[in-house]
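One structure below.
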Protein chains: 2
Amino acid sequence: MASLTSLKTQERLLDRQAANSIRQQIVNRTMPPGHRLLEAVLASELEVSRGTIRSALMQLSNEGLVRQVAFTKWEVAPASISEAWELYTLRAALEGLAASLAAEYASDAERETLMTVFRELEAAAKAGQREAAADADFKLHKTMVTMSGHKRLIREHERIILQVRFQMTHIGFAPRDTKDLIADHRLLTEAVVNGDAERAEQLARSHNDAEVKRLLAANARQADGVPHQHKREKDNG
Amino acid sequence: MASLTSLKTQERLLDRQAANSIRQQIVNRTMPPGHRLLEAVLASELEVSRGTIRSALMQLSNEGLVRQVAFTKWEVAPASISEAWELYTLRAALEGLAASLAAEYASDAERETLMTVFRELEAAAKAGQREAAADADFKLHKTMVTMSGHKRLIREHERIILQVRFQMTHIGFAPRDTKDLIADHRLLTEAVVNGDAERAEQLARSHNDAEVKRLLAANARQADGVPHQHKREKDNG
DNA sequence: CTATTGACGATTGTCGACTATCTTTCTATC
DNA sequence: GATAGAAAGATAGTCGACAATCGTCAATAG
């Protein structure tokens with residue numbers, strides 16, 4: 001008999017489906033950064049009411065893909081080096097924690113899964129399949145984070161990765177050279193599989209920090225936005 | 001002249017205000033974990049429509065204070081040691097990053113502010129004012145995170161802290177002994193103020209990790225929920 | 001007496017209409 | 001011609017009513 005899966009899921013709700021649909025358009029580059037989102041237009045396109053769209057846009061706003069200007073407009077979030085900088089630094093911290101927890105607590109079956117996913121990445125990279133390699137890369141990280149068994153961490157990581165992909169495609173930040181990439185991931189995978197929490201954490205962090213460095217280098221070149229700025233407004237007396 | 005602040009803020013929106021109001025009730029312990037939230041009741045109490053309440057509940061759900069069971073009910077999030085464990089581990093990772101960034105990038109004025117806040121904590125703790133000390137404690141951490149200039153980090157940290165306070169009051173997890181607390185914070189503050197990023201990060205992390213250890217000890221005692229469990233459902237063939 | 005089915009009441013989900021706010025455009029005044 | 005103010009158009013915000021779904025409990029069959 002086919003084992004069934006619960007239908008009592010949030011995904012049944014119309015606003016979730018609407019959010020999924022719009023999210024897809026955003027990460028697909030169909031809707032670029034800054035693109036204006038009109039509630040009425042989306043409502044008629046997706047054939048739901050404006051209230052439903054509103055709810056969907058709020059979700060996307062929470063995910064960092066959409067921005068709201070109260071009483072005025074919704075638009076696709078901006079893409080810039082400084083946004084990407086935030087995402088990579090956060091990602092380094094989160095994946096560091098995840099790697100440590102995964103190394104410490106994951107089951108044997110999970111460790112094997114991780115190894116398998118790494119081999120997929122390796123195969124794709126060696127075959128020169130850039131897209132497949134990129135997907136396998138994300139999958140590897142996601143697998144590791146899932147292995148942490150930390151619900152909030154998993155959820156937050158998923159959001160960050162979504163934004164990373166969005167920013168990457170728009171600021172033209174490509175993955176590194178294939179060799180480094182495989183080497184990095186091999187070490188990380190081994191550390192997690194072998195249960196070396198400290199080393200796994202260190203590797204996960206340095207792996208992402210390397211990306212931050214590349215990003216800052218790119219930033220210096222194109223002099224876009226400075227990644228770190230203190231433009232906080234002063235309190236009033 | 002009094003310097004004015006933009007009125008074009010999200011806070012004007014009714015759903016935000018409703019969320020604020022309900023959030024208050026939750027962290028106040030007026031609404032305990034598991035407490036059922038009826039849209040209609042909240043709507044009549046706050047004198048807004050059910051749609052507005054719905055939007056507010058979704059925000060709180062994103063903040064981790066409320067849970068939704070689709071088509072069925074809303075309720076206040078559960079409190080348990082395993083939830084607290086998630087929060088403290090995440091907090092350690094986030095504040096580690098924040099401490100590092102603050103040490104590296106903060107302005108002189110900000111460093112002085114941090115020092116001032118630390119002195120407030122010290123004074124309150126020495127005077128034995130537990131509540132004031134706890135508030136000053138949170139304020140110190142918040143200040144440090146703000147100094148990082150990392151918008152996403154600041155936002156996420158705020159959410160985590162909110163949940164920490166909620167969980168703390170319900171699982172009866174009190175702050176440590178005053179002396180350790182002051183010593184920890186003095187070292188951390190100094191590291192940040194002196195721009196020693198590596199040490200600041202290390203201290204921020206170990207400070208929170210110590211709480212995790214205390215939590216696990218408490219857990220062993222009351223044998224509540226194991227903080228880490230892999231109760232993931234297997235995929236179907 | 002127990003288990004299954006169907007009906008009912010309670011609650012959440014969705015919608016279309018109305019209201020409030022913002023931005024733009026037009027007009028009058030200097 | 002430039003500027004300030006008023007009117008108009010566009011868009012987001014809020015609401016009340018209706019639809020869909022859920023959990024409960026009674027009725028029925030075995």
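Chain letters run A, B, ... following the sequence lines, proteins first, then strands; residues in each count from 1.
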Checklist entry - Are the side chain of B:Ser21 and the backbone N or O of B:Gln17 linked by a donor-acceptor pair below 3.5 Å? => result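 Not at all, since once roles are kept as given, no pair shorter than 3.5 Å links the two residues.
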Checklist entry - Under 3.5 Å, is there a donor-acceptor pair between the side chain of A:Glu86 and the main chain of B:Arg152? => result yes
Next on the checklist: Out of the candidates A:Arg130, A:Lys142, A:Arg165, only one should pair with A:Asp135 under the salt bridge (charged side-chain N to carboxylate O under 4.0 Å, His left out) rule; please name it.
Outcome noted: A:Arg165
Using a heavy-atom cut-off of 4.0 Å across all strands, would you classify [X] as base, sugar-phosphate, or nothing?
X       : result
A:Val48 : sugar-phosphate
B:Leu37 : sugar-phosphate
B:Gln68 : sugar-phosphate
A:Arg16 : nothing

Next on the checklist: Using a 6.0 Å cut-off, check whether atom CD of A:Glu131 has over 12 heavy atoms from anything other than its own residue.
Outcome noted: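 It does not: A:Glu131 CD has 12 such atoms or fewer within range.
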Checklist entry - Do other residues, nucleotides or ligands put more than 12 heavy atoms under 6.0 Å from A:Gln10 CD? => result yes
Checklist entry - Of the candidate nucleotides D:dA12, D:dC18, D:dC15, which contains the atom at the shortest distance from the side chain of B:Arg50? => result D:dC18
Item to check | 5' priority, DNA chain C, between B:Leu38 and B:Gly51 [closest heavy atom] | outcome: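 In this pair, the answer is B:Leu38.
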Checklist entry - Considering heavy-atom distances to DNA chain C, does A:Glu47 or B:Ala40 have its closest nucleotide positioned more toward the 5' end? => result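 Mapping each residue to its closest nucleotide by heavy atoms, the 5'-most match is B:Ala40.
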Interatomic distance, [X] [atom1] vs [N] [atom2] [rounded to whole Å]:
X       : N      : atom1 : atom2 : value
A:Gln10 : D:dT21 : CD    : C1'   : 14 Å
B:Arg67 : C:dT11 : CZ    : P     : 21 Å
B:Leu42 : C:dA10 : CG    : P     : 18 Å
B:Ile53 : C:dT11 : CD1   : C1'   : 15 Å
A:Trp74 : D:dA12 : CH2   : C1'   : 9 Å
A:Met58 : D:dT14 : CE    : P     : 8 Å
B:Glu39 : D:dC15 : CD    : P     : 14 Å
A:Phe71 : C:dT19 : CZ    : P     : 16 Å

Presence of [X] side-chain N/O under 4.0 Å of [N] phosphate oxygens OP1/OP2:
X       : N      : answer
B:Arg12 : D:dA12 : no
A:Thr72 : D:dT11 : no
A:Arg36 : C:dT23 : no

